[in-house]
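A quick write-up on the structure given underneath.
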Amino acid sequence: KQKKFSKKVASHLKSGGLWLSIIGNPDSGPRATGPPQHSAKKIISAVEPFFEILLLKSSHFDSDQPVPARAWVCLMRKRAGITG
C-alpha cells in the first residue's frame, strides 16, 4: 500500500524532484487519535525503490495536546530513471 503510494508520488515528479513528507512515528507508543504510525524500516522499504532518502529525522507534530504525537520528517529525492 505505501510502496504503491510512493510510486504514484514519484510519477508526478521530474527526475531529481524532492518530496518532503511528515509521517506518524510509533516511537512513543499507540495513540487513540492522530495520523497512522509507521516504523523507519517500513518507510525506507516503501520509498527506497523510487527515492533516495536525504533526511529521516524523528520529530513531533505541533499540537495543543499535553504529549504531541511523534513524527518522522522525511526528505527524499526521486531516483534517476524512475518513470510513472
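The structure displayed is predicted, hence computed values, not measured ones.
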Exercise for the section: Could you name each residue pair satisfying ring-ring contact (aromatic ring centres under 6.0 Å, His included) that touches residues 28-69, not counting sequence neighbours? Expected result: Trp19-Phe51
Problem - Heavy-atom side-chain contact between Cys74 and Ile43 under 4.5 Å - result: yes
Problem - Distance-only donor-acceptor check, side chains Arg70 and Ser58, under 3.5 Å - result: yes
Exercise for the section: Check whether any side-chain heavy atom of Glu48 lies under 4.5 Å from a side-chain heavy atom of Ile53, and answer yes or no. Expected result: yes
Handout entry: Counterpart residues, side-chain contact (heavy atoms from CB on, under 4.5 Å), relative to Pro49 (two or more places apart)
Key = Lys3
Handout entry: Any residue meeting side-chain contact (heavy atoms from CB on, under 4.5 Å) with Leu54, in chain and number order, not counting sequence neighbours
Key = Leu18, Glu52, Leu75, Arg77
Completion exercise
Closest non-hydrogen atoms of Gly81 and Ser15, given as atom of the first, atom of the second and distance, are N-OG, 4.4 Å
Exercise for the section: For the residue pair Leu56 and Trp72, establish whether any side-chain heavy-atom pair is separated by less than 4.5 Å. Expected result: yes
Practice task
Please round to the nearest 0.5 Å and tell me the distance separating atom CD of Gln37 and atom NZ of Lys42.
Solution key: 11.0 Å
Problem - Backbone of Ala10 reached by a side-chain donor or acceptor of Arg79 within 3.5 Å - result: no
Exercise for the section: Check whether any side-chain N or O of Ser63 sits under 3.5 Å from a backbone N or O of Gln65 as a donor-acceptor pair, and report yes or no. Expected result: yes
Practice task
Check whether any side-chain N or O of Ser45 sits under 3.5 Å from a backbone N or O of Lys41 as a donor-acceptor pair, and report yes or no.
Solution key: no
Handout entry: Hydrophobic cluster membership, Val47 vs Val73, 4.5 Å side-chain cutoff
Key = no
Problem - Ile22 side, atom CD1; Ser59 side, atom OG - distance, nearest 0.5 Å - result: 7.5 Å
Problem - Nearest heavy atoms of Leu13 and Lys78, plus distance in Å - result: O-NZ, 2.6 Å
Problem - Spacing of CG belonging to Asp64 relative to CG belonging to Asp62, to within rounding of 0.5 Å - result: 9.0 Å
